[in-house]
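To find a chain, count down the sequence lines: A is the first, B the second, and so on, and within it residues start at 1.
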Protein chains: 2
Amino acid sequence: MEAASGEDVCVKWSETLRVYHAASCELENELQARHGLGLSEFEVLQILSRCCGEGGGQAKMKDIEAEMYLSQSALSRTVTRLEKAGLVTRAACEFDRRANFLMLTPTGQERFDAAKPTHRGVLVKHLA
Amino acid sequence: MEAASGEDVCVKWSETLRVYHAASCELENELQARHGLGLSEFEVLQILSRCCGEGGGQAKMKDIEAEMYLSQSALSRTVTRLEKAGLVTRAACEFDRRANFLMLTPTGQERFDAAKPTHRGVLVKHLA
DNA sequence: TGACATCCAATGCACGCGCATGTAAATTCG
DNA sequence: CGAATTTACATGCGCGTGCATTGGATGTCA
C-alpha cells in the first residue's frame, strides 16, 4: 500500500504543479497588464483590504507576513514598491516603535477593487 | 451560483498555495541539503531518467521543456549547471544540428537514484 | 538557387526572491 | 538600573527566472 500511495502522490503533485503554474502565471500577467500590479503586490492589498474592512484598513507587517508565503525581506520590498506607487502608507506604531502599520490609501483601495474581478476571473478559469 | 463558485475557487486556491509552497520549499531545501540538487535540476534528471528507461536516457531540450514549467532560457541554464556538475552531457543531433540531445551520465543516474527517495518522501508528507 | 520565414538553443539584462546582516526598539534578568 | 537577548524592519548580496535578442541551422517557395 506504500507503493500505491506513492503513485498517488506523484499524480497529485503533477496536478498541483499544473494548476499552480497555469493560474499564477496568468494572474501575474493579467494583473500586470491590466492593473500594473504584481501578484504579491495584489495579495498585500487583498490582505489589507480584508483585514480591516472599509474604514482605513491597517495591519502590522508581521501580521501580513504571517498570511503570505513570502519572506520578511520580500514583503518589506513589496511594501516599498506599493508605497512608491502611492497605494499604501507606512505609519509608525505609537506603542511599539519597532512595528509599522500599513494603511491602504484611497488610490490603493481603488486599484484593488479594480483588479479584484481580474483576479477572481483567472481563478474561476483555472479552478472551476 | 456564480457567487458560490467564486467562493469555492478562493478556498481551493488558498489550499493550492498552501500545499504548493510547503511542498516545493521543503523539496528545494531537502534536495539541496542532502544531494546538492535544486528542484528544477532534479526534475530534469527525472525526465531524462524516465524518458528513455535505463539504456542511456536521452531527450531533446525541446521535449524536456514541454514537460516542465520552465522557460527555454531557464532550462538552458539549468542544463548548463547539470553539465558542469557532470550529471548530464549535451550531444549535437546528427540530423538536426539546431537540436541538442541530453544524456544522463552514470554519475547523474546515481545522484538521481539517491535523491528519488527524498523527493518521494516529501511528497508523501505533504500530499498523503 | 537565392531570399525569407521558422526553429533551436545560448546569452544580455532586469527583476523578485531568500539568506544573512545591520539598526533600532523593546524585553528579560541579575 | 544596566547588560544581554529578542523582536521588527530594512538592506547588501547572490541566485534563478522570464523576456528579448542573437546566431546558427532548417524549411519554404518562387
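Rounded to an integer number of Å, the gap from CD of B:Glu41 to P of D:dC15 is 13 Å. Look at CE on B:Met68: it is 14 Å from C1' on D:dG18, rounded to the nearest Å. Rounded to whole Å, the distance from CG on A:Leu70 to C1' on D:dC9 is 14 Å. Residue B:Leu39 contributes atom CG, which lies 16 Å from atom C1' of C:dG18 at whole-angstrom precision. C:dC8 atom P lies 14 Å from atom CD1 of B:Ile64, rounded to whole Å.
Remark: nothing in residues 20-37 of chain A comes within less than 4.0 Å of DNA chain C through any heavy atom. Contacts between residues 76-92 of chain B and DNA chain C, counted as heavy-atom distances below 4.0 Å, involve B:Ser76, B:Arg77, B:Arg90.
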Could you list the protein-to-nucleotides 20-23 of chain D atom pairs, N/O on both sides, closer than 3.5 Å?
none

Under 3.5 Å, which protein N or O atoms sit close to an N or O of nucleotides 22-28 of chain C? Give each pair with its distance.
residue	atom	partner	partner atom	Å
C:dA26	OP1	A:Arg97	N	3.0

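A salt bridge is absent between B:Glu15 and B:Lys12: the closest approach of a Lys/Arg side-chain nitrogen to an acidic carboxylate oxygen does not fall below 4.0 angstrom.
Not a single ring pair (Phe, Tyr, Trp, His ring centres under 6.0 Å) links B:Phe101 to another residue, sequence neighbours left out. Taking the side chain to side chain contact (heavy atoms under 4.5 Å, CB included) definition, one finds that B:Lys125 meets it with B:Glu26, sequence neighbours left out. Every residue two or more places apart in sequence or in another chain was checked for a side-chain hydrogen bond (donor to acceptor under 3.5 Å, both in side chains) with B:Ser76, and none qualifies. Among residues two or more places apart in sequence or in another chain, the side chain to side chain contact (heavy atoms under 4.5 Å, CB included) test is passed with A:Ser71 by A:Ser73, A:Ala74. Looking at residues two or more places apart in sequence or on another chain, you find no salt bridge (Lys or Arg N to Asp or Glu O under 4.0 Å) involving B:Asp63. Every residue two or more places apart in sequence or in another chain was checked for a side chain to side chain contact (heavy atoms under 4.5 Å, CB included) with B:Gln32, and none qualifies. With sequence neighbours left out, A:Glu65 forms a side chain to side chain contact (heavy atoms under 4.5 Å, CB included) with A:Lys62, A:Gln72, A:Leu75.
Nucleic acid contact for A:Leu75: none, since no nucleic acid atom lies under 4.0 Å from a heavy atom of the residue.
The environment of CZ in B:Arg97 is sparse: at most 12 heavy-atom neighbours from other residues, nucleotides or ligands sit within 6.0 Å. Within a 6.0 Å radius of NZ in B:Lys60, other residues, nucleotides and ligands contribute 12 heavy atoms or fewer.
For the pair B:Arg90 and B:Leu102, the minimum side-chain heavy-atom distance is below 4.5 Å.
Between the side chain of B:His119 and the backbone N or O of B:Ala115 there is no donor-acceptor pair closer than 3.5 Å.
Minimum atom distance to the side chain of A:Asn100 is reached by D:dA10, of the listed D:dA10, D:dA8, C:dG18.
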Got a list of side-chain donor-acceptor pairs under 3.5 Å for residues 37-46 of chain A, not counting sequence neighbours?
residue	atom	partner	partner atom	Å
A:Glu41	OE1	A:Gly38	N	3.1
A:Glu41	OE2	A:Arg81	NE	2.7

